[in-house]
Amino acid sequence: MSIRRVMPDIRSEALEESRDFYGLLGFEEVMNLGWVMTLASPDNPTAQVTFMAHDRTAPVVPDMSVEVDDVDAAYAAMRASGAEVVHPLQDEEWGVRRFFVRDPNGRVVNVLGHR
């Protein structure tokens, strides 16, 4: 399994203001579903930050996201390790397959792959 990108997820009720602020550093909006927005560097598209007002299908807003090339293998590894799955593996209507797991520090990690 390989990691494709890692990004912080920031809980925010100020999506537009965040876009404008981080735009001053060169970030550009690459996704906006109204409740979640991702900004990326135009020169390095894997350098990203996500802002979320809430999560549409999960019980919590994650602290970070990790995109992997095989989300099913990642899910199996986490379950086999006994890690706490916060949100089960599922396909989302916006084109990702994902699950949430809690790390040893109590942080929630959104592990995803694009379909």
| Which residue, Val85, Val109, Val111, Asp55, forms the side-chain contact (heavy atoms from CB on, under 4.5 Å) with Phe100? |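 The option that passes is Asp55.
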Testing the basics here: between [X] and [Y], what is the closest heavy-atom pair and its distance to 0.1 Å?
{"X": "Pro42", "Y": "Gly26", "result": "CD-O, 3.2 Å"}
{"X": "Pro45", "Y": "Ala40", "result": "O-CB, 3.9 Å"}
{"X": "Pro59", "Y": "His87", "result": "CD-ND1, 3.9 Å"}
{"X": "Ala83", "Y": "Val101", "result": "CB-CG2, 3.6 Å"}
{"X": "Glu13", "Y": "Ala53", "result": "OE2-O, 3.4 Å"}
{"X": "Gln90", "Y": "Thr57", "result": "NE2-OG1, 3.6 Å"}

Qualifying residues under side-chain hydrogen bond (donor to acceptor under 3.5 Å, both in side chains), relative to [X], sequence neighbours excluded:
{"X": "Asn44", "result": "Thr46"}
{"X": "Ser81", "result": "none"}
{"X": "Asp91", "result": "Arg97"}

Common cluster, [X]/[Y], ILVMFWY with side-chain heavy-atom separation under 4.5 Å:
{"X": "Met1", "Y": "Met64", "value": "yes"}
{"X": "Leu39", "Y": "Met7", "value": "no"}
{"X": "Leu33", "Y": "Val96", "value": "yes"}
{"X": "Met31", "Y": "Leu15", "value": "no"}
{"X": "Leu25", "Y": "Ile10", "value": "yes"}

| field | Option from Asn110, Thr38, Thr50 for which side chain to side chain donor-acceptor pair (under 3.5 Å) with Ser65 holds | value |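 The single option meeting the side chain to side chain donor-acceptor pair (under 3.5 Å) with Ser65 is Asn110.
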| message | By the definition salt bridge (charged side-chain N to carboxylate O under 4.0 Å, His left out), identify the one residue from Arg98, Arg115, Arg56 that meets it with Glu92. | response |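 That would be Arg98.
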| message | Using side-chain contact (heavy atoms from CB on, under 4.5 Å), reason through Arg5 and Leu112 one step at a time and then give a plain yes or no. | response | CA-CA 10 Å; Arg5 67 185 164 133; Leu112 68 120; 4.0 Å; yes
| said: For Arg107, is there any backbone N or O sitting under 3.5 Å from a side-chain donor or acceptor partner on Asn105? | reply: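 Answer holds: no.
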| said: So does Met37 get a backbone contact from the side chain of Asn32, meaning a donor-acceptor N/O pair under 3.5 Å? | reply: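 Checking the backbone N and O of Met37 against the side chain of Asn32, no donor-acceptor pair under 3.5 Å is found.
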| field | Residues forming a ring pair (Phe, Tyr, Trp, His ring centres under 6.0 Å) with Trp94, sequence neighbours excluded | value |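 For Trp94, the residues satisfying ring pair (Phe, Tyr, Trp, His ring centres under 6.0 Å) (neighbours in sequence not counted) are Trp35.
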| task | Would you mind listing every salt bridge (charged side-chain N to carboxylate O under 4.0 Å, His left out) that reaches into residues 22-42, with sequence neighbours excluded? | result |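 Only Arg19-Glu29 qualify under salt bridge (charged side-chain N to carboxylate O under 4.0 Å, His left out).
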| request: Kindly state each residue pair satisfying ring-ring contact (aromatic ring centres under 6.0 Å, His included) with at least one member in residues 61-81, sequence neighbours excluded. | output: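 Qualifying pairs, neighbours excluded: Tyr75-Phe99.
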